[in-house]
Amino acid sequence: MKKKWLISVSQGSLESVAKELRKQDVQVLEVLDMINVIIAEQGNLSRHQIKSIIGVENVEEENNVSI
């Protein structure tokens, strides 16, 4: 199973970041416009490479929580 990234983006940058991720063959799973977050599968880009995309503020690995 591939890692999933939670990518926080700056206000107004959701579509441009999602477009750039898709261009880099990263599968965008969800775009959460109310909280400016994109959920994506890792693909071939590292966390550092994703952070270098203009508009990206933070990249975190999604962790499953079970109780």
Side-chain angles (χ1 to χ4, degrees):
M1 185 174 192
K2 290 186 178 182
K3 290 181 185 177
K4 290 182 185 174
W5 296 118
L6 298 175
I7 305 166
S8 302
V9 301
S10 58
Q11 188 73 26
S13 298
L14 270 175
E15 290 307 315
S16 62
V17 171
K19 183 178 178 180
E20 183 62 28
L21 289 168
R22 289 183 185 109
K23 192 168 130 182
Q24 299 291 331
D25 292 324
V26 173
Q27 184 178 2
V28 174
L29 302 173
E30 290 185 70
V31 176
L32 307 173
D33 57 346
M34 294 296 288
I35 57 173
N36 291 323
V37 169
I38 296 171
I39 300 174
E41 280 193 356
Q42 183 179 14
N44 295 326
L45 295 181
S46 68
R47 180 184 298 208
H48 178 74
Q49 289 170 310
I50 294 172
K51 279 183 138 178
S52 70
I53 296 172
I54 295 171
V56 172
E57 293 183 349
N58 193 32
V59 180
E60 296 180 29
E61 185 177 340
E62 180 184 64
N63 294 313
N64 292 329
V65 176
S66 56
I67 299 174

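On a predicted model such as this, the values are computed, not experimentally measured, just so you know.
By the side chain to side chain contact (heavy atoms under 4.5 Å, CB included) test, E30 pairs with L32, I39, sequence neighbours left out. Every residue two or more places apart in sequence or in another chain was checked for a side chain to side chain donor-acceptor pair (under 3.5 Å) with E41, and none qualifies. Legend: residues meeting side chain to side chain donor-acceptor pair (under 3.5 Å) with S8, ordered by chain and number and at least two apart, are absent. For E61, there are no side chain to side chain donor-acceptor pair (under 3.5 Å) partners two or more places apart in sequence or in a different chain. With sequence neighbours left out, S10 forms a side chain to side chain contact (heavy atoms under 4.5 Å, CB included) with S13, E57. Not a single side chain to side chain donor-acceptor pair (under 3.5 Å) links Q27 to another residue, sequence neighbours left out.
Rounded to the nearest 0.5 Å, atoms CZ (R47) and OG (S52) are 13.5 Å apart. Here CD of Q42 is found 10.0 Å from CD of Q49. Values are rounded to the nearest 0.5 Å. If you take NZ on K51 and CG on N58, they are separated by 5.5 Å, rounding to the nearest 0.5 Å.
Side-chain heavy-atom separations under 4.5 angstrom define the hydrophobic clusters, and the remaining members of the one that includes V31 are W5, I7, V9, L14, V17, L21, V26, V28, I38, L45, I50, I53, V56, V59.
By the 4.5 Å heavy-atom criterion applied to side chains, Q24 and N44 are not counted as neighbours.
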